[in-house]
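Every heavy atom of this structure was used, including side-chain atoms; hydrogens, water molecules and symmetry mates were not.
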Amino acid sequence: MKTNDATVLEEPKTRKRATEETIEPAIESRPRPTTGVREAKIYIDGKFCSEADAKVSVFDHGLLYGDGIFEGIRFYNGRVFRLEEHLERLWDSARSICLEIPMTRQEMTEALIETIRQNHLQDGYIRLLVTRGVGNLGLNPEQCKNPSVIIIAATIALYHEDFYRKGLSIVTVATRRSNPASLNPAVKSLNYLNNVMARIEVRDRCVDAFGVKDELVATSEAGQSLMALCCHQSVVLWASHERIRPF
C-alpha cells in the first residue's frame with residue numbers, strides 16, 4: 001500500500017487536556033475505563049454525543065449479527081499514523097462484504113480528525129466502525145438502508161517498559177482461528193468471537209498474552225495483534241499473509 005506523510009492535526013482549540021496520558025500494561029489483568037477521556041465525545045452518523053448518550057439501535061445488524069467492519073488507528077503527537085492506508089483497507093473490507101460506506105474518504109478523514117479534536121487528545125487510539133445499519137430481524141442486508149459510522153477516540157494503554165526488556169509470557173490456545181475458506185481474514189469484521197473465546201480460555205492461566213492457531217495448527221496471530229518470529233532484531237518469519245487478520 002502507498003504510504004504518505006502522516007495526517008497532521010491542527011492545534012486543539014484549547015490546550016487543556018481532558019485527561020492525563022494513560023501509560024499502563026496492555027495486558028487485561030484489571031478493569032479499565034472505557035475511553036480514558038473525561039467527558040468523551042463519540043461520533044455517530046455526523047453528530048457528536050457524550051459517552052453516556054452514545055447509543056445504537058437494537059436492530060442494527062452490527063449488533064445483531066456482527067455485520068460490519070472496523071479499523072483501529074493510532075495517533076502520536078498530533079499525527080494520525082498511516083491514515084490513508086487504514087482508510088484504503090476499510091474500503092477494501094467494505095467492498096468484500098458489499099457494504100457501501102455512506103461518506104467519502106475525505107469526509108471520513110475530516111470526521112476522524114474532528115473526533116480527536118473534540119476529545120482534546122494528542123496521542124491515543126481511534127476505533128472507526130461502519131455497521132450495516134438498522135434492519136429487521138432477518139439476515140437480508142438489503143433491509144438495512146442506511147449504514148452507520150461510529151468513531152471513538154481513546155487514550156492508549158501501552159506496554160510497560162519491563163515487558164520490552166524481559167518479554168511476555170505467552171501460551172497457545174485450543175481455540176482455532178476461523179477458516180479462511182469461511183471468511184476472508186483480510187476482512188476486518190466486527191465478529192471477533194473466536195478471539196473472545198480464546199481470551200476466556202486463558203483468563204485463569206496468569207499469562208500476559210496468547211497465540212491462536214489456524215486449521216493447519218500453525219500459530220497465526222495473537223489475541224489482539226500480529227505475531228512475527230524475530231532473531232537479533234530482524235524479522236525472520238511472518239504468518240502467511242493470506243491467513244492473518246489485519247490488526
Nearest heavy-atom contact between Ser148 and Asp60 is CB-OD2, 4.0 Å
Here the gap from Ile151 atom CD1 to Asn119 atom CG, rounded to the nearest 0.5 Å, amounts to 11.0 Å
Distance col, row Lys47:NZ vs Ile42:CD1, nearest 0.5 angstrom, shows 16.0 Å
Interatomic distance, CG@Leu63 vs OG1@Thr131, rounded to 0.5 Å, equals 9.5 Å
Review point. Out of curiosity, does Phe70 fall in the hydrophobic cluster containing Leu64 (side-chain heavy atoms, cut-off under 4.5 Å, transitive links)?
Key: no
Would you please test Lys188 and Glu71 for salt bridge (Lys or Arg N to Asp or Glu O under 4.0 Å) and show each step? CA-CA 7 Å; Lys188 199 166 174 66; Glu71 283 291 321; 5.7 Å; no
*asked:* Hydrophobic clustering (ILVMFWY, side-chain heavy atoms < 4.5 Å, transitive) - are Val134 and Tyr43 grouped together?
replied: no
Side chain proximity check, Lys41 to Glu51, heavy atoms < 4.5 angstrom:
no
**Message:** Quick check: do Pro147 and Ile101 have side-chain heavy atoms less than 4.5 Å from each other?
**Reply:** no
Are Ile44 and Val58 in one and the same hydrophobic cluster, where Ile, Leu, Val, Met, Phe, Trp and Tyr link if side-chain heavy atoms are under 4.5 Å apart? no
### Message
Using side-chain heavy atoms (C-beta onward) and a distance below 4.5 Å, is Leu183 in contact with Ser189?
### Response
yes
Closest non-hydrogen atoms of Met108 and Leu87, given as atom of the first, atom of the second and distance, are CG-CD2, 3.8 Å
Here the gap from Gln122 atom CD to Arg117 atom CZ, rounded to the nearest 0.5 Å, amounts to 10.5 Å
Here the pair of heavy atoms bringing Ser93 nearest to Ala186 is OG-O, 3.8 Å
Give a yes or no on whether the backbone of Asn140 and the side-chain of Gln143 come within a donor-acceptor separation of less than 3.5 Å. no
Closest heavy-atom pair, Cys98 versus Arg132, reported as atoms and distance to 0.1 Å, is O-NH1, 2.9 Å
| message | Less than 4.5 Å apart, side chain to side chain, heavy atoms only: is that true for Val130 and Ile150? | response | no
Between Asp45 and Val149 the two heavy atoms that sit nearest each other are OD1-N, 2.7 Å
Here the gap from Trp91 atom CH2 to Arg105 atom CZ, rounded to the nearest 0.5 Å, amounts to 6.0 Å
State, yes or no, whether a side-chain contact exists between Phe59 and Leu137 at a heavy-atom distance under 4.5 Å. yes
Practice problem: Assess whether atom CD of Glu39 is packed by more than 12 heavy atoms of other residues, nucleotides or ligands within 6.0 Å. | Solution: no
Discussion item. Is the shortest side-chain heavy-atom distance between Leu83 and Thr109 below 4.5 Å?
Written reply: yes
Looking only at heavy atoms, the pair that brings Ser96 and Val187 closest together is CB-CG2, 3.5 Å
### Message
Can you confirm if the aromatic rings of Tyr76 and Tyr125 lie within a centre distance of less than 6.0 Å?
### Response
no
Does any N or O in the side chain of His86 come within less than 3.5 Å of the main-chain N or O of Leu128, such that one atom is a donor and the other an acceptor? no
- Query: With a 3.5 Å cut-off and no angle check, do the side chains of Ser50 and Asp53 form a donor-acceptor pair?
  - Reply: yes
Check your understanding: Are Leu99 and Tyr65 in one and the same hydrophobic cluster, where Ile, Leu, Val, Met, Phe, Trp and Tyr link if side-chain heavy atoms are under 4.5 Å apart?
Key -> no
#### Entry: salt bridge (Lys or Arg N to Asp or Glu O under 4.0 Å) between Asp162 and Arg165, intermediate numbers included
CA-CA 5 Å; Asp162 284 350; Arg165 291 200 306 265; 2.4 Å; yes
Rounded to the nearest 0.5 angstrom, the CD-CG distance for Glu201 and Asn195 is 12.0 Å
A quick test of your reading: do over 12 heavy atoms of other residues, nucleotides or ligands sit less than 6.0 Å from CZ of Arg203? no
Can you confirm whether Asp123 sits close enough to Thr155 that some side-chain heavy atom of one is under 4.5 Å from a side-chain heavy atom of the other?
no
*Report yes or no: do Met103 and Ile69 belong to one cluster of Ile/Leu/Val/Met/Phe/Trp/Tyr joined by side chain heavy-atom distances under 4.5 Å?*
yes
Notebook entry, point to check: Under a 4.5 Å cut-off applied to non-hydrogen side-chain atoms, are Phe48 and Thr115 in contact?
Noted result: yes
Problem set entry | Check: Asn179 side chain, Ala181 main-chain N or O, donor-acceptor pair, under 3.5 Å | yes
Discussion item. Any side-chain to backbone donor/acceptor pair from Asn191 onto Gly66? Under 3.5 Å, distance only.
Written reply: no
